[in-house]
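Below: one structure, written as structure tokens.
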Amino acid sequence: MGIVLEKLPGLCGSLPGGELFLTTADTMINWSRKSSLWPLTFGLACCAIEMMGAYASRFDFDRMGVIPRPSPRQADVMIVAGTVVKKMADPIIRIYHQMPEPRFVISMGSCANCGGPYYDSYSVVKGVDKIIPVDVYVGGCPPRPEALQYAVLKLQEKMMKMKSMRLAGASPIQEKGSRILT
Ligand code: SF4
């Protein structure tokens with residue numbers, strides 16, 4: 001229990017017979033959320049090989065709480081790894097909407113960011129942010145697994161700024177617990 005309390009974002013003090021821990025609900029929720037990111041297993045092209053490398057034993061995504069899930073219903077992060085062809089645009093949008101709120105997107109590699117080497121192709125979407133919102137972009141062709149892990153760290157930083165409190169006049173999406181960044 002002592003180790004868990006040391007890692008929690010808040011104030012922890014000793015009292016006779018126990019310990020006192022003080023934090024805000026937002027900090028606690030955000031910390032829990034960022035510590036268990038479950039990405040959808042979703043590879044589109046060669047960048048997906050580097051993504052798989054990030055999950056393997058040498059880089060070991062699991063130690064950061066990143067566990068791949070086979071269903072969008074169980075996932076909160078979509079890592080778009082590879083070339084987004086126009087034929088795949090509709091399935092990507094559908095899968096994105098099947099993920100529960102709040103959901104996050106990492107665009108991995110030049111192809112997902114802007115079309116990459118296929119920018120001039122008639123069949124390639126020139127950036128996945130043309131069809132779904134992106135939280136973090138990872139540059140490179142392909143980016144190394146460390147770059148993807150760094151992107152997850154940046155996403156976690158972003159998640160720690162989220163506010164889950166219902167605000168007066170909040171939009172329906174905010175009411176569902178969507179992100180409100182300060
Ligand atoms: S960015 Fe490079 S490595 Fe990644 S999918 Fe495109 S061509 Fe392949």
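Atoms within each ligand, like the ligands themselves, are counted from 1 in listed order. Only this structure's heavy atoms are used, side chains among them; waters, hydrogens and symmetry mates stay out.
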Are P39 and V66 side-chain neighbours, meaning at least one heavy-atom pair lies under 4.5 Å?
-> yes
Against heavy atoms of S110, which atoms of ligand 1 measure under 4.0 Å?
-> 1 (S)
Any side-chain heavy-atom pair of I132 and I92 under 4.5 Å | yes
For atom 3 (S) of ligand 1, which protein heavy atom lies nearest, and how many Å away is it?
-> P142 CB, 3.4 Å
Determine whether any heavy atom of G116 lies closer than 4.0 Å to an atom of ligand 1.
-> no
Any side-chain heavy-atom pair of V128 and V134 under 4.5 Å | yes
Between the candidates G43, C47, G139, which shows the shortest non-hydrogen contact distance to atom 4 (Fe) of ligand 1?
-> C47
Euclidean distance, I79 CD1 relative to L148 CG, rounded to 0.5 Å | 5.0 Å
Would you say the side chain of K126 lies within less than 4.5 Å of the side chain of C114, judging by non-hydrogen atoms?
-> no
Do any of the N/O/S atoms of C141, backbone or side chain, fall under 2.8 Å from atom 8 (Fe) of ligand 1?
-> no
Looking at NZ of K34 and CD1 of I29, how far apart are the two atoms once the value is rounded to the nearest 0.5 Å?
-> 15.0 Å
Is atom 6 (Fe) of ligand 1 less than 2.8 Å from an N/O/S atom of C111, whether that atom is in the backbone or a side chain?
-> yes
Sub-4.0 Å atoms of ligand 1 with respect to non-hydrogen atoms of A45 = 5 (S)
Among all protein heavy atoms, pick out the one at the shortest distance from atom 8 (Fe) of ligand 1; state its residue, atom name and that distance to 0.1 Å.
-> C46 SG, 2.2 Å
